[in-house]
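Step one of this worksheet: look at the structure below.
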Amino acid sequence: MPFLYNLFMKISKNDIDIKQTLECGQIFRYIPIKGGYEVYSLDKYCTIKECNDCYVLESDDENYFYNFFALNDDYNAYLNTLRANEKLKNCIPSSPTIRILKQDPFEMIISFIISANNNIPRIKGIISRLCLKLGVNAAFPTVNAFASQSVDFYKSVGLGYRAPYILDTAKKIASGEFDINYVYKLSTEDAKKYLMTLPGVGPKVADCILLFGYNRFDVFPVDTWVKKIYLDLFNEEVSPIKMRENLLREFGDLSGIAQQYLFNAKRNY
DNA sequence: AGCCAGGCCCATT
DNA sequence: AATGGGCATGGC
């Protein structure tokens with residue numbers, strides 16, 4: 001067991017609420033521990049614990065997690081803009097609480113294919129088993145590790161009818177037929193269409209991948225929770241497609257952030 | 001026991 | 001373009 005010099009970093013509680021940021025459904029690889037959380041991303045790991053007026057972040061790659069938690073971004077500016085919106089004013093706090101994490105695109109593609117018509121505790125369990133069985137030191141598995149499995153393997157970890165989606169998507173990426181980096185070059189609209197060529201990726205999952213994996217805020221994932229929220233906000237019954245159009249028009253380039261605050265407010269009542 | 005979950009695919013219209 | 005049924009699994 002090599003000895004590691006633990007580095008640590010203090011983060012102000014005014015800049016982020018770790019509990020809300022981790023528990024709002026954008027990440028599935030975190031574990032509550034005494035006084036904080038363990039957080040995993042790709043092959044990296046940190047602990048983040050609460051102290052009196054701050055959090056203490058410990059990792060062997062603290063710079064990765066400083067960026068991961070989006071602490072370089074000016075969320076006060078985002079919140080000021082959103083706070084001016086009538087429909088949001090009750091959901092926007094006085095200082096940044098939730099931040100959109102900067103996660104890995106491939107990890108998001110796999111994770112949100114799994115998320116479809118599924119519940120969060122079970123999603124976390126499936127992803128955890130995949131990391132334990134396919135990942136090096138329980139890291140998030142590589143594309144090739146995913147692509148070299150069988151449908152039956154994926155069924156054995158609980159993926160059900162999503163098993164072929166995961167395998168076929170991994171194969172498309174591993175073969176180069178789908179280029180994860182090409183997404184960066186596309187407009188959000190074109191990127192969404194491109195992502196939807198992957199098996200198991202529909203409109204909602206594509207929006208989540210763009211929001212959490214590519215940091216595109218001009219998306220609005222419409223899921224079962226948003227469908228409940230929408231009626232409260234607009235007081236009209238429309239199709240999910242119309243919902244997304246209207247929500248994007250309402251919240252513009254900050255839709256993804258608005259969605260996350262709304263999602264969080266609704267789930268916590 | 002039965003409903004539901006951060007929906008997608010596919011067949012019909 | 002838009003709708004509707006079917007779907008594996010297990011948390012609650």
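Not measured: the values here are computed from a predicted model. In what follows, every chain begins at residue 1, and chains take the letters A, B, ... in the order their sequences are listed. Keep in mind that the numbers below use all heavy atoms, side chains included, and drop hydrogens, waters and symmetry copies.
- A centroid separation of 6.0 Å or more is found between the aromatic rings of A:Tyr30 and A:Tyr40.
- An OP1 or OP2 oxygen of B:dC4 is reached within less than 4.0 angstrom by no side-chain nitrogen or oxygen of A:Thr224.
- Residues A:Leu101 and A:Val219 do not share a hydrophobic cluster, defined by chaining ILVMFWY side chains whose heavy atoms lie under 4.5 Å apart.
- Between the NZ atom of A:Lys242 and the C1' atom of C:dT3 there is a distance of 15 Å, given to the nearest Å.
- Between A:Glu245 and A:Lys242 there is a salt bridge, since a side-chain N of the basic residue sits under 4.0 Å from a carboxylate O of the acidic one.
- Computed from coordinates, the A:Leu195 CG to B:dC8 P distance equals 12 Å when rounded to whole Å.
- With P as the reference atom, B:dC9 and C:dG10 are 22 Å apart, rounded to whole Å.
- Mapping A:Leu198 and A:Val226 onto DNA chain B via the closest heavy atom, the residue that lands nearer the 5' end is A:Val226.
- A:Lys124 comes within 4.0 angstrom of no nucleic acid atom, judged by non-hydrogen atoms across all strands.
- Taking the charged nitrogens against the carboxylate oxygens, A:Arg99 and A:Asp17 have no contact shorter than 4.0 Å, which rules out a salt bridge.
- Using a 4.0 Å cut-off between charged side-chain N and carboxylate O, A:Lys13 and A:Asp53 make no salt bridge.
- A salt bridge is defined here as a Lys NZ or Arg NE, NH1 or NH2 lying under 4.0 Å from an Asp or Glu carboxylate O, and A:Arg29 with A:Glu107 meets this definition.
- Whole-Å rounding puts the A:Lys228 NZ to B:dC3 C1' distance at 11 Å.
- Residue A:Tyr154 is out of contact with every strand shown, counting any heavy-atom pair closer than 4.0 Å.
- As rounded to whole Å, 14 Å separates atom C1' of B:dA5 from atom CD1 of A:Ile127.
- The side chain of A:Lys204 contributes no N or O atom lying less than 4.0 Å from OP1 or OP2 of B:dA5.
- With rounding to whole Å, A:Met196 atom CE is found 7 Å from B:dC8 atom P.
- Rounded to whole Å, the P atom of C:dA8 lies 15 Å from the corresponding atom of B:dA11.
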Using a 3.5 Å limit on both pairing distances, list the dot-bracket string of DNA chain C from the 5' end; Watson-Crick and G-U wobble pairs count, crossing pairs take [ ], interstrand pairs take |. |||||||.||||
What string of B, S and - do you get for nucleotides 6-12 of chain C, 5' to 3', if B is base contact, S is sugar-phosphate-only contact and - is no contact with any protein heavy atom under 4.0 Å? -BBBBSS
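- Clustering ILVMFWY residues whenever any of their side-chain heavy atoms sit less than 4.5 angstrom apart, transitively, puts A:Leu231 in a cluster other than the one holding A:Leu262.
- Taking atom CD1 of residue A:Ile114 and atom C1' of nucleotide B:dG7, one finds them 14 Å apart after rounding to whole Å.
- Atom CD1 of A:Ile209 and atom C1' of B:dG7 are 12 Å apart (whole Å).
- Backbone-only contact: A:Val201 has heavy atoms under 4.0 Å from sugar-phosphate atoms and none from a base.
- Computed from coordinates, the A:Met243 CE to C:dT3 C1' distance equals 15 Å when rounded to whole Å.
- Put simply, A:Phe69 and A:Phe8 are part of two different groups of oily side chains (I, L, V, M, F, W, Y) that touch within less than 4.5 Å, one to the next.
- With respect to A:Arg244 and A:Asp207, a salt bridge is recorded, a charged nitrogen being found less than 4.0 Å from a carboxylate O.
- A:Tyr194 has its ring centre less than 6.0 Å from the ring centre of A:Tyr182.
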